[in-house]
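Reminder, nothing fancy here: chain letters follow the sequence lines and each chain counts from 1. Hydrogens, waters and symmetry mates play no part in the numbers below; they use all other heavy atoms, side chains included.
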Amino acid sequence: MSYFSDIYNGIKTLLTGMSVTGKYFLHSQKGAITQQYPDNRETLKMFDRFRGEVVMPHDENNEHRCTGCQKCELACPNGTIEIIWDRQVDPETGKKKKMIEKHIYHLGMCTMCGLCIEACPTDAIKWAQNFENSVYDRTTLTRVLNKPGSKLMPGVED
Amino acid sequence: MNLSLSITKNIHDWLFNMMPETAASLVEMTIIALVYLAVFAVTGLFLVLLERKVAAWFQLRLGPNRVGYHGIFQTIADALKLVSKELTGTVNADKFLYNLAPYFVIITALMALAVLPFSAEFQAFDINIGIFFLIAISSIGVIGILLAGWSSNNKYALIGAMRSGVQTISYELSVGLSLLTVIMITGTLQLSEIVEVQRNGWLIVQGHIPAIFAFMIYMIAGTAETNRAPFDLVEAESELGAGFHTEYSGMKFAYFFLAEFINMFLIASIATTIFFGAWLSPFGITESLPWLGVFWFLGKTLVLVFLMMWFRWTFPRLRIDQLLTLEWKYLLPLNLMNIVLMAIIVWLNLTIQF
Amino acid sequence: MTNEALQNLIGTWVPNPVTSELEFTEEESQFLNISVQPADLHQLMTQLKSNSETSFDYLFCLSGVDWGKELGVVYHLESTTHRHIIVVKVKTEDRENPVFDSVYDIWKTAEFHEREVFDFFGIKFNNHPNLKRLFLTEDWDGFPLRKDYVDDINMIVK
Amino acid sequence: METSTVNNNFKSDEYFINMGPQHPATHGVLRLLLTIDGETIKKVEPDLGYIHRSIEKMCERDSYQQIVHLTDRMDYLSSNINNEAVCLAVENALQIEVPDRVKVIRTIIGELTRIASHNLWWGVMGMDVGALTTYFYAFRDREMINDIFEETCGARLTMNYNIPGGLMFDIHPNFIKRVKEFITHFKTKLPEYDTLLTNNVIFQKRMRGVGILSKEDAISYGASGPVGRGSGYSCDVRKTNPYSALDKVTFNEALRTEGDSFARYEVRIQEMWESISIVEQLIDNIPEGDYKVETNAVIKLPKGEFYQKVETARGEFGVYIISTGTKNPYRLKFRSPGFSNLSLLNHIAVGGKIGDLVASMATLDLVIPDIDR
């Protein structure tokens, strides 16, 4: 007689399964969990710790905090950061000093691991929150973080 | 309000006094064919959109909402895309059979629609072997699938096609038998006669317990017949990729896709005709407005189509041998018991008549 | 069973440990290390598994190591009943055609692990059911994880 | 060019299918060479290496902080637990004592990763067996956990939040609130998983008695995690040698004895309940204290060998470091759970149908980068 009992149990479990999806169907007007991405671009705000892209913040008179100590370059596992520096005479102290010329950042090779920002002694680089990093031509992925003509902020030592 | 019904009459008369007998009926048939083709292409597209929307509501999503207001024109956009797609195929596919297969499937799907009684006047082809014709037609569709699977020279397609062959042949049995149990009450195969018998109570009410069993078995077998829901082994995404229509693209794929939805509509409309009195309103409340019959028919069919969609988005897939044990060990014996039960009821005429 | 107890027990199996070079070391690692000659590797392994007191039936890590001059394989064995762990090491000088006995017949997991060791170190295992390269393609020349492997195209040496 | 269609390890009359690197059921680039006879499977031979990045060779030139970020890319579904494994290996080797706050946070995030991974597994399991709606319900819950991780450590999948010596930065102020929200939400949703899929008669017919693995075979094939526990082999590293704050929590190990796909399925569902109870026990009493211990910039491990075992969502993940005292390891071997779990696929799939192979592969919960490394 298990023939009819397992038909009955089978149908009972099928119906309870359908009740779950039915419940969702009836409450579907409560709104879907999916985000309408291209429409909600203005309102969409990522978390402030979101790792979008490494940037070097500059203050109003175009000064940054990077002393060119290359700690981030050593910490980076993928060789994403290259720092081009040369020794120049520092106008105030007259001594030869390591001045940063270009802080090159290959976004294409970056794995967003955050070790460079961890290793930077002077907090020169920060995470930006933008996630739309796709580009048409790969060379634009290689970025120079320090703006042209920017100088080191006074009072930031190695 | 029988203006619309008289349209067919005066077109009919206008044609017949215009041309000789045969030419007129030929022209009339082509007009009907064109009208049916257009109407069911549109219903096919509508059903695809309905399926995607219903699936979305089940799954906490919104479904298509980009093309047109709330995605109404989404399927039209899909159809245009499919029409403009290149008809690729495998290198050493069997060219003739490969191209023939889609037409098998789409033609059988559309042919079966001719017999359905949408309303008192809107029935194109009222032959006295209605149900028998429907069952015969639905078995030809399988040949198209088998041809497609074998001729596209793709191992997955072949497995998919063999599965569909086995599945459809065994499930036709219970489709036929479950319809048979209910036909015992009406005594006739002609669809319009069946609807007449249901004037005093839908067959599902007249045949009460065995009819409900027959309806349940029919719905299970019907979903299996159209390779949908828990029985969609033919194009099991996670096992065979896209099953028999893996190698088809563009318009040929559109035929398969459309045929599947029209088959679903067909199974649902046979169920409404047999079990729920096609265009009869419950207890004859809207008999005064005959043209309302079409809406009753479509309403009931949409409820059943929704039920089949509900199956699809809830149940996992059966394995091929479980599929066959379900048919041969469970549905068939139940069907035969049901026929005996119905025979006793009809013999002692215990059917409920209003 | 503690390491000492294990050590004496295993010592009793071999006529005398000195002649068959069965050394036990414990410094530099948390577990008892046994380094054994390739000749009686298979015999020791079968005893380790079959003996009821040790019953090392779980080979959880089989790693190939290039010790500079010799190539070796390190077996980490654990007993699911007694929950103790032992490390068996085997080394060979011959870098052209290093061969060890396969332990596939003792632990079935060894089949894949040994294929991986063959793939990266070139160590062959006799009576292994299907000794082929597992990860790399058939026609890959050289064994990547060896210390002397040079591949200037895709190997960036910092 | 003429592709070599002749495959040498198959006799000519055998009908073989290429469940190729691009297939919906393999969840990644795993290629299975199936020899089938009609619908039943005669032989399954995995062909690996499509996503092999030779992480172990890279580790030999990277410092220990950089190795931690590589382990994210191996088993990306339990990336946090992998990071924790390498950090624990380094900390035990250097005998650094990590503050309690770090231990508790690591365990909480580890258990949340396990729930997220089992969520994804359950959703994709439903899809493999044919029920497409389970995917969306599972991802709705998984999204909540991903948001918690994104807010705390900035990344959703490859977290790299643990560094040797502690955490990269402290947990976000509303971390505790969000975790509590998730726990209450998930406790109502998990029973729904059961009604929708577990008790479903079609699902049970598809899973019971499929891909049977006896306890001896499980041990001999080196199966660990839910795959081993489904066959009665109690191999929970959180029980045998607990790490971080796991010794302070009480939970019981999910064990089944039937060893078929349904047993592995039930083990994972019960593990989700266990992980919830672990997080509940810890979330309220996260001890105060700083979130990392200062380690010198260049970490040099003492000469010797170190092995650290950790229980990821897929099984026992081991890090075996041979160090000669320099700043990067002489040899580093990752014991990946997926690798041994895959090796038993041939044993359990032979004789079954293609549908069984897909079902039992779904319960093995394979992550291919974890296998290929």
Side-chain angles (χ1 to χ4, degrees), chain C residues 25 27-31 33 49 55-68 72 74 76 78-81 83 85 87 89 104-113 115-117 119-121 130 132-140 144-147 149 151 154-158, chain D residues 4 8-9 45-52 54 56-58 60-63 66 92 215-224 228 233-235 240-241 302-309 315-316 318 320 322-324 328 330-335 337 339-340 342-344 346-347 371-373:
Chain C
T25 55
E27 22 80 26
E28 278 182 11
S29 155
Q30 310 111 306
F31 316 118
N33 288 26
K49 171 154 190 200
S55 82
F56 285 102
D57 49 2
Y58 183 55
L59 164 68
F60 60 90
C61 183
L62 186 151
S63 25
V65 184
D66 177 355
W67 298 95
V74 179
H76 281 73
E78 187 188 358
S79 155
T80 51
T81 46
R83 285 283 169 232
I85 296 175
V87 175
K89 289 199 183 120
Y104 170 70
D105 45 4
I106 311 170
W107 299 283
K108 294 216 185 57
T109 185
E111 184 201 357
F112 269 44
H113 282 88
R115 272 178 70 181
E116 181 194 4
V117 168
D119 196 350
F120 290 145
F121 289 91
N130 165 15
K132 269 199 305 85
R133 281 191 181 266
L134 186 63
F135 293 117
L136 304 175
T137 52
E138 253 48 311
D139 50 14
W140 184 280
L145 272 181
R146 283 194 182 182
K147 290 294 177 196
Y149 179 78
D151 173 359
N154 39 32
M155 217 171 89
I156 309 151
V157 182
K158 262 204 250 171
Chain D
S4 71
N8 41 35
N9 52 19
E45 205 217 328
D47 169 13
L48 303 169
Y50 286 90
I51 189 167
H52 172 65
S54 74
E56 284 163 8
K57 187 79 179 175
M58 277 200 276
E60 280 166 17
R61 65 167 168 88
D62 275 350
S63 75
Q66 289 163 348
N92 295 348
K215 183 175 178 190
E216 292 68 32
D217 286 340
I219 296 171
S220 155
Y221 273 105
S224 62
Y233 160 45
S234 86
C235 56
T240 48
N241 23 44
K303 191 167 164 4
E305 293 164 17
F306 310 97
Y307 193 91
Q308 175 62 37
K309 266 205 242 187
E316 181 195 307
Y320 173 48
I322 300 177
S323 153
T324 53
N328 32 38
Y330 180 78
R331 162 80 164 113
L332 191 135
K333 157 90 173 157
F334 289 113
R335 193 266 181 199
F339 191 64
S340 342
L342 174 75
S343 63
L344 51 90
N346 185 29
H347 172 74
I371 295 169
D372 280 358
R373 286 185 302 275

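- Proximity to chain C is limited to the side chain of Lys333(D), based on heavy atoms less than 4.5 angstrom apart.
- Neither the backbone nor the side chain of Thr324(D) comes within less than 4.5 Å of any heavy atom in chain C.
- Looking at Asn328(D) and Glu60(D), their side chains never come closer than 4.5 Å, going by heavy atoms from C-beta outward.
- Of the atoms belonging to Ile322(D), it is side-chain heavy atoms, and not backbone ones, that fall under 4.5 Å from chain C.
- Taking the ring pair (Phe, Tyr, Trp, His ring centres under 6.0 Å) definition, one finds that His52(D) meets it with Phe120(C), Phe135(C), sequence neighbours left out.
- At a 4.5 Å heavy-atom cutoff, the contact between Leu145(C) and chain D is made by backbone and side-chain atoms alike.
- In this structure, no portion of Glu216(D) lies under 4.5 Å from any heavy atom of chain C.
- The ring pair (Phe, Tyr, Trp, His ring centres under 6.0 Å) test applied to Tyr307(D) returns Phe60(C), His76(C), not counting sequence neighbours.
- Only the side chain of Tyr320(D) comes within contact range of chain C, with heavy atoms under 4.5 Å apart.
- Asp217(D) touches chain C through its side chain: at least one heavy atom from C-beta onward sits under 4.5 Å away, while N, CA, C and O do not.
- By the 6.0 Å and 45° rule, Arg115(C) does not stack over the aromatic ring of Tyr104(C).
- Neither the backbone nor the side chain of Asp119(C) comes within less than 4.5 Å of any heavy atom in chain D.
- With salt bridges taken as basic N to acidic carboxylate O contacts below 4.0 Å, none links Arg133(C) and Glu116(C).
- Between Tyr58(C) and Tyr233(D), the ring center distance clears the sub-6.0 Å criterion.
- Contact tally against chain C (heavy-atom pairs below 4.5 Å) for Ser340(D), Ser343(D), Ser323(D): the top residue is Ser343(D).
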